[in-house]
Amino acid sequence: STSKGDGNIMEKIINFAVVAHVDAGKSTLVDALLRQNGIFRDNEQVVDCVMDSGDIERERGITITAKNCSIRYKGIKMNIVDTPGHADFSSEIERVIKTVDTVVLLVDSAEGPMPQTRFVLKEALKFGLKPILFINKIDKKDARAEEVVNMTFDLFCELGANDEQLDFKIIYGIAKEGIARYEENDGNNNISPLLDTIIETTKPFEGSENDPLQLQVSSLDYDEYIGRLGIGRINKGKIKVGEMVAVAKNNGELTKERITKLYINEGIGKRETTVAYYGDIVTLAGCPDISIGDTICDINNVNPLPKIEIEKPTLSMNFSVNNSPFAGRSGKFVTSRHLRDRLYAELERNVGLQLEELPGQDGFKVSGRGELHLSILIENMRREGYELSVSKPEVIFKEEDGKRTEPYEQVIISTPSEYSGTIISDLSERKGTLVLMTPDEENHDRLEFLVPTRGLIGYRNTFITNTKG
């Protein structure tokens with residue numbers, strides 16, 4: 001294929017996701033990959049974490065939705081998926097993991113594997129992917145790369161990795177400076193070793209353009225001119241603008257639609273094209289009722305892929321109409337109909353969310369993956385001009401084998417030793433169990449607890465007070 005690709009040439013394609021715990025450097029690594037592969041002009045002003053494009057993402061410095069971009073390296077087109085690190089947005093990772101061929105697992109060289117490292121790794125191993133370990137931030141003064149590699153290896157074993165997965169490649173680096181190395185001190189100063197390792201361990205997506213089309217939608221987007229857009233990876237065959245396709249819905253229905261527009265990833269933007277081939281991640285228009293998990297198939301050969309399984313919500317809140325004396329002063333959407341339309345629109349994009357109408361009152365029970373998941377939804381709605389009142393969060397109990405169960409979380413706290421007594425007694429009151437206590441650097445203790453989710457609601461303020469900030 002030509003180096004630029006005019007959109008109609010079949011290219012070798014590898015897709016990979018960057019996964020890790022919160023703040024391990026995922027979006028920063030994606031920045032480095034884009035910067036060193038000619039995506040930006042030399043004189044272009046580029047913000048940090050360029051993939052975090054939402055307002056709240058920028059303000060909080062976190063990734064909320066998984067996003068795609070692409071680079072070209074040694075004649076191969078690579079689609080990169082940047083993913084969120086918080087457990088609350090885990091549904092984003094569960095959706096996109098099916099669209100990639102491998103994952104780059106980032107681990108902080110000082111912190112080691114954290115709770116969310118475990119979750120994202122479990123998802124990758126479940127789909128038979130072979131992760132590449134990237135030990136990031138090796139310039140930290142308390143870096144302990146060798147120890148962290150061993151801890152990660154133990155985590156792989158614990159999660160039941162097979163022999164091939166256990167034989168993972170290790171890269172050391174500093175994502176902020178765009179450095180990747182085969183050995184900690186080998187002096188290399190660019191990101192190439194990571195890309196070379198991906199090419200070496202991962203075969204480009206294989207298939208034939210003559211296979212019947214099969215494409216599963218893993219995320220949705222919306223364009224005010226074109227309407228709803230489906231995003232997913234072409235699993236087999238090719239897709240053309242103007243062709244009729246069969247859409248196999250999650251509920252077993254079959255509809256026929258015509259593809260009106262096709263886009264592929266080009267750098268951090270999208271480029272319109274007339275045809276796209278197996279392995280590529282495409283955005284398509286023309287299916288107004290498409291939803292996540294639907295499979296788009298060849299009209300004469302309908303072969304839907306299995307549904308995307310998403311973890312069930314753990315926390316719920318009631319959203320209802322604002323009936324306080326100040327109602328209608330700050331927002332412009334105040335009725336229950338407005339609320340209903342907005343929440344149903346959110347369900348289409350935010351697959352980790354569940355919604356039920358409250359009987360006998362103007363309100364909804366909204367269930368999500370955690371406090372952050374719901375608070376981001378509330379903040380987005382507030383900014384869009386919705387007025388609503390919310391109840392305090394409640395955890396969701398489940399009956400399993402005749403026993404009542406509740407969600408719990410693994411909590412890791414690093415604190416000056418003088419406060420650890422207060423913290424332990426505090427969390428014990430909240431029904432937490434201390435699992436592990438180890439000395440950390442400079443008079444700090446590292447505490448690990450298992451705490452029921454309901455005990456953690458509102459704990460942050462107490463924690464900050466008890467540790468004097």
Side-chain angles (χ1 to χ4, degrees), residues 1-5 7-19 29-30 33-34 36-37 66 68-83 93-106 120-134 156 159-171 173 180 182 191-216 218 231-239 264-266 273 275-282 295 303 305-306 308:
S1 71
T2 57
S3 60
K4 193 70 186 130
N8 299 340
I9 291 178
M10 220 157 46
E11 301 186 80
K12 288 186 180 162
I13 293 172
I14 295 179
N15 301 341
F16 66 94
V18 183
V19 298
L29 179 66
V30 174
L33 290 167
L34 291 168
Q36 291 188 28
N37 287 283
N68 302 315
C69 56
S70 79
I71 57 174
R72 286 203 166 70
Y73 183 75
K74 296 194 173 169
I76 294 180
K77 177 177 179 181
M78 294 186 165
N79 286 310
I80 308 171
V81 185
D82 185 19
T83 63
I93 295 164
E94 291 164 312
R95 287 187 340 212
V96 299
I97 208 89
K98 280 189 164 181
T99 66
V100 298
D101 307 305
T102 186
V103 297
V104 177
L105 176 73
L106 263 76
V120 292
L121 182 59
K122 183 182 82 190
E123 286 299 311
L125 295 175
K126 188 167 84 183
F127 285 105
L129 301 178
K130 210 177 142 188
I132 292 164
L133 179 62
F134 188 96
F156 270 78
L159 294 174
N162 62 33
D163 291 352
E164 202 185 346
Q165 289 170 325
L166 282 174
D167 186 23
F168 54 85
K169 293 274 192 274
I170 304 162
I171 298 286
Y182 293 111
I191 208 82
S192 304
L194 174 62
L195 294 171
D196 290 335
T197 305
I198 291 173
I199 291 175
E200 183 190 324
T201 56
T202 314
K203 288 210 275 299
F205 194 84
E206 292 171 348
S208 154
E209 59 176 306
N210 303 322
D211 287 342
L213 169 68
Q214 188 186 44
L215 180 159
Q216 188 167 36
S218 58
I231 303 171
R233 166 159 78 173
I234 305 172
N235 210 36
K236 284 185 180 162
K238 62 179 176 189
I239 188 166
I264 52 176
N265 296 313
E266 192 69 63
T273 179
V275 56
Y277 299 94
Y278 56 89
D280 214 346
I281 295 177
V282 295
T295 310
N303 179 14
L305 287 158
I308 295 177

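Excluded from the calculations below are hydrogen atoms, water molecules and symmetry mates; all remaining heavy atoms, backbone and side chain alike, are included. All of these numbers come straight from a predicted model, not from anything done at the bench. The residues of the chain are indexed from 1 along the displayed sequence.
- Between C69 and N265, the shortest heavy-atom distance links the atoms C-CB, 4.2 Å.
- Taking the side chain as every heavy atom from C-beta outward, T83 and V18 never approach each other to under 4.5 Å.
- Q214 contributes a side-chain N or O that, together with a main-chain N or O of N303, makes up a donor-acceptor pair within less than 3.5 Å.
- Between F16 and I80, some side-chain heavy-atom pair lies under the 4.5 Å cut-off.
- Separation of atoms OH (Y277) and NZ (K238) is listed at 5.5 Å; rounding is to 0.5 Å.
- Considering only residues two or more places apart in sequence or on other chains, K203 meets the salt bridge (Lys or Arg N to Asp or Glu O under 4.0 Å) condition with none of them.
- Rounding to the nearest 0.5 Å places CD1 of I13 at 8.5 Å from CZ of R72.
- Annotation: side chain to side chain donor-acceptor pair (under 3.5 Å) contacts of D280 (sequence neighbours excluded): K77, N79.
- For E123, the salt bridge (Lys or Arg N to Asp or Glu O under 4.0 Å) partners two or more places apart in sequence, or in a different chain, are K126.
- Under the 4.5 Å side-chain criterion, counting only non-hydrogen atoms from C-beta, D196 is in contact with Y182.
- Put simply, the residue from I132, I171, I76 that forms a side-chain contact (heavy atoms from CB on, under 4.5 Å) with I198 is I132.
- Considering all non-hydrogen atoms of both residues, S218 and G232 come closest at OG-CA, 3.9 Å.
- Put simply, CD1 on I93 and NZ on K122 are 11.0 Å apart, with the number rounded to the nearest 0.5 Å.
- For K98, there are no salt bridge (Lys or Arg N to Asp or Glu O under 4.0 Å) partners, not counting sequence neighbours.
- Using a 4.5 Å heavy-atom cutoff, the side chains of V282 and L215 are in contact.
- The line from CD1 of I239 to CD of E209 is 14.0 Å long, rounded to the nearest 0.5 Å.
- With a 4.5 Å cut-off on side-chain heavy atoms, Y73 and I191 do not count as touching.
- Residues P131 and L125 have side chains in contact (heavy-atom distance under 4.5 Å, counting atoms from C-beta outward).
- With sequence neighbours excluded, the residues that form a side chain to side chain contact (heavy atoms under 4.5 Å, CB included) with D101 are I14, N15, T202, F205, R233.
- Of the inter-residue distances, the one linking S70 atom OG with I281 atom CD1 reads 9.5 Å to the nearest 0.5 angstrom.
- Applying the salt bridge (Lys or Arg N to Asp or Glu O under 4.0 Å) criterion to D167, with sequence neighbours excluded, gives no partner residue.
- When every heavy atom of A180 is checked against every heavy atom of P193, the shortest pair comes out as O-CG, 3.2 Å.
- Rounding to the nearest 0.5 Å places CZ of F168 at 8.5 Å from CG of L105.
- Inter-residue side-chain proximity for L194 and L29 is flagged as met; some heavy-atom pair is nearer than 4.5 Å.
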Practice item. Carefully, step by step, assess I71 and Q36 under the rule side chain to side chain contact (heavy atoms under 4.5 Å, CB included). Key: CA-CA 9 Å; I71 57 174; Q36 291 188 28; over 6 Å; no

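- In this structure, E200 places its CD atom where more than 12 heavy-atom neighbours from other residues, nucleotides or ligands lie under 6.0 Å away.
- With hydrogens and angles ignored, the 3.5 Å screen pairs no side-chain donor or acceptor of T295 with any backbone N or O of Q216.
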* Run the numbers on L33 and L195 for side chain to side chain contact (heavy atoms under 4.5 Å, CB included), then give the verdict. => CA-CA 9 Å; L33 290 167; L195 294 171; 3.7 Å; yes

